[in-house]
Amino acid sequence: LSAVPDPAPRLGIVGGGQLGRMIALAAAPLGVRCTFVDPSPEAGARVAARQIVAEYDDVAALEELASVSDVITFEFENVSAPALAAIEAVADLAPSPRSLQVSQDRLSEKQLFHSLGIACAPYREVDSLADLEAAAADLGGRGILKTRRFGYDGKGQARLGGRGDAAAAWSTVGEAPSVLEGLVDFDRELSVVAVRSSTGETAVYPLAENVHRDGILRTSTAPAPGTDNDLAAHADDYATRIMDELEHVGVLALELFEAGGELIANEIAPRVHNSGHWTQNGAPTSQFENHVRAVLGLPLGNTRPAVSTTMVNLIGGVPDPATVLDVPSAHLHLYDKEPRPGRKVGHVNVTDPAGIAEIVELAETAAR
Ligand SMILES: Nc1ncnc2c1ncn2[C@@H]1O[C@H](COP(=O)(O)OP(=O)(O)O)[C@@H](O)[C@H]1O
Ligand SMILES: [Mg+2]
């Protein structure tokens with residue numbers, strides 16, 4: 001009498017932070033058994049998966065992960081090239097190394113957008129202070145310098161307001177290979193989360209409207225208010241073409257700017273994404289469940305929401321759970337992480353607009 005089909009599908013996850021945790025939590029009801037690699041003995045994914053305690057690029061640990069997994073997936077894209085090569089040799093990876101490699105590097109992302117005819121900010125490759133000075137002059141003296149690799153939550157970036165800033169900006173990014181981007185005068189920030197299965201089936205969630213502060217996502221609202229069908233169709237088309245071109249398997253997020261009614265691509269993430277957390281309570285199938293379905297070649301679930309949902313990030317502090325849950329239609333998702341300033345420790349999904357202001361207030365009070 002076995003409760004799950006034998007042999008149950010086995011999913012390996014590189015990384016056991018909140019994304020790995022929510023993937024594992026979504027995998028459990030499907031009868032999927034998860035194992036993850038993470039160096040922290042406190043990793044949040046422990047709640048729903050077996051852990052191999054090791055660094056992400058520990059080749060022996062990744063081989064052990066491969067030996068207990070049918071497919072290996074990732075909660076982040078910054079896997080080192082040697083580690084990737086080692087596991088690729090012994091395991092099925094989803095997404096593929098190409099998806100990971102392209103999205104590890106802002107320059108290759110921009111080249112991908114260009115090759116697909118998807119608009120993005122003007123950019124120049126920067127490998128030295130002299131490059132930066134020339135690039136800044138080219139782009140009118142203003143822009144954002146971003147490291148090609150390892151940037152997140154606004155880290156690894158410096159704004160340039162005039163030519164005098166070049167040396168300071170170059171030092172801020174640690175003199176690392178970078179790109180200088182022209183500033184986009186956007187009306188708002190949007191993102192589209194989409195999924196492609198190993199069978200080639202695709203599905204796209206509606207656009208989300210994202211509000212950032214200090215480089216960190218604060219809220220996402222989906223479907224993005226006031227979005228016309230034309231904009232939504234463009235977003236669908238961009239996400240699907242990117243996934244098809246990369247032969248991507250799993251969830252992928254495309255961050256966008258909306259400027260004068262046009263979409264401008266910013267960056268891609270080859271994984272479940274913070275701006276897709278609303279799907280846990282606002283869509284028939286969450287991005288986490290669809291990621292699991294996709295990497296295991298199972299049919300994808302419905303991505304079209306019946307209601308509007310706002311996700312509010314909990315950053316640096318957790319409000320009293322009972323107070324959050326007292327707000328009608330508020331759903332609490334904690335990550336089991338120690339609060340520190342600027343650290344994401346959870347989020348709340350609100351499916352009734354009446355509760356949003358109160359949840360934002362609770363989140364900000366807890367952050368202080
Ligand atoms: N070219 C740009 N023009 C204007 N604002 C930008 C530009 N690039 C980034 N930003 C702002 O900085 C934020 C972080 O940049 P992003 O490239 O998304 O890096 P991260 O990896 O930190 O998310 C964006 O969400 C947006 O608010
Ligand atoms: Mg971003």
Side-chain angles (χ1 to χ4, degrees), residues 17-19 74-79 100-114 118-126 132 135-136 138-162 165 169 172-174 176-194 207-222 224 235 238-239 242 251-260 262-277 287 311 313 315 342-344 347:
Q18 67 263 26
L19 300 181
F74 301 83
E75 73 159 4
F76 59 88
E77 53 274 38
N78 291 318
V79 202
L100 294 166
Q101 276 153 1
V102 168
S103 41
Q104 275 177 7
D105 182 347
R106 291 189 193 274
L107 184 63
S108 14
E109 280 181 358
K110 297 215 164 9
Q111 288 163 342
L112 175 75
F113 296 146
H114 187 76
I118 297 173
C120 65
Y123 65 93
R124 298 287 183 276
E125 188 176 347
V126 170
L132 177 57
D138 245 13
L139 298 181
R142 294 170 70 231
I144 302 190
L145 184 66
K146 301 180 182 177
T147 56
R148 283 171 59 175
R149 295 171 55 88
F150 300 122
Y152 72 98
D153 285 351
K155 296 186 173 64
Q157 300 190 5
R159 289 211 175 214
L160 249 79
D165 291 351
T172 300
V173 302
S178 295
V179 289
L180 180 69
E181 281 182 30
L183 280 182
V184 178
D185 187 16
F186 57 78
D187 300 314
R188 58 176 176 168
E189 294 192 70
L190 301 170
S191 62
V192 58
V193 171
L207 279 162
E209 179 176 324
N210 303 321
V211 176
H212 295 85
R213 205 173 65 230
D214 302 329
I216 306 179
L217 182 67
R218 303 289 156 163
T219 65
S220 287
T221 299
Y238 287 177
I242 289 168
V251 164
L252 178 142
L254 169 64
E255 294 180 14
L256 299 153
F257 303 118
E258 182 182 353
E262 302 290 324
L263 290 177
I264 296 165
N266 177 27
E267 61 172 347
I268 55 178
R271 55 169 165 80
V272 290
H273 193 256
N274 196 170
S275 72
H277 291 359
Q287 63 166 346
M311 187 250 13
N313 265 339
I315 296 163
R343 191 179 205 207
K344 293 175 184 168
H347 64 272

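Quick caveat, the model's predicted, so the values are computed rather than measured. Numbering of ligands and ligand atoms starts at 1, following listing order. This chain uses plain numbering: 1 for the first residue, then up along the sequence. Keep in mind that the numbers below use all heavy atoms, side chains included, and drop hydrogens, waters and symmetry copies.
What you find for Gly182 and Ala121 is that their closest heavy atoms are O-CB, 3.6 Å. Closest non-hydrogen pair, Ala169 versus Leu145, comes out as O-CD2, 3.7 Å.
A salt bridge links Glu181 and Lys110; the closest N-O separation between the charged side-chain nitrogens and carboxylate oxygens is under 4.0 Å. Ion pairing between Glu75 and Arg271 fails under the 4.0 Å rule for side-chain N and carboxylate O.
The aromatic rings of Phe186 and Phe257 sit parallel to each other, their planes meeting at less than 30°, with 60° as the upper class boundary.
The environment of His212 atom NE2 is dense: over 12 non-hydrogen atoms of other residues, nucleotides or ligands sit within 6.0 angstrom.
Looking at Arg159 and Arg142, their side chains never come closer than 4.5 Å, going by heavy atoms from C-beta outward.
Sorted by chain and number, the residues within 4.0 Å of ligand 1 by heavy atom are Arg106, Ile144, Lys146, Gly151, Tyr152, Asp153, Gly154, Gln157, Arg159, Glu181, Gly182, Leu183, Val184, Phe186, Glu189, His212, Glu255, Phe257, Asn266, Glu267.
Among the backbone and side-chain atoms of Glu267, an N/O/S atom is found under 2.8 Å from the Mg ion (ligand 2).
Of all N/O/S atoms in Glu255, OE1 sits nearest the Mg ion (ligand 2).
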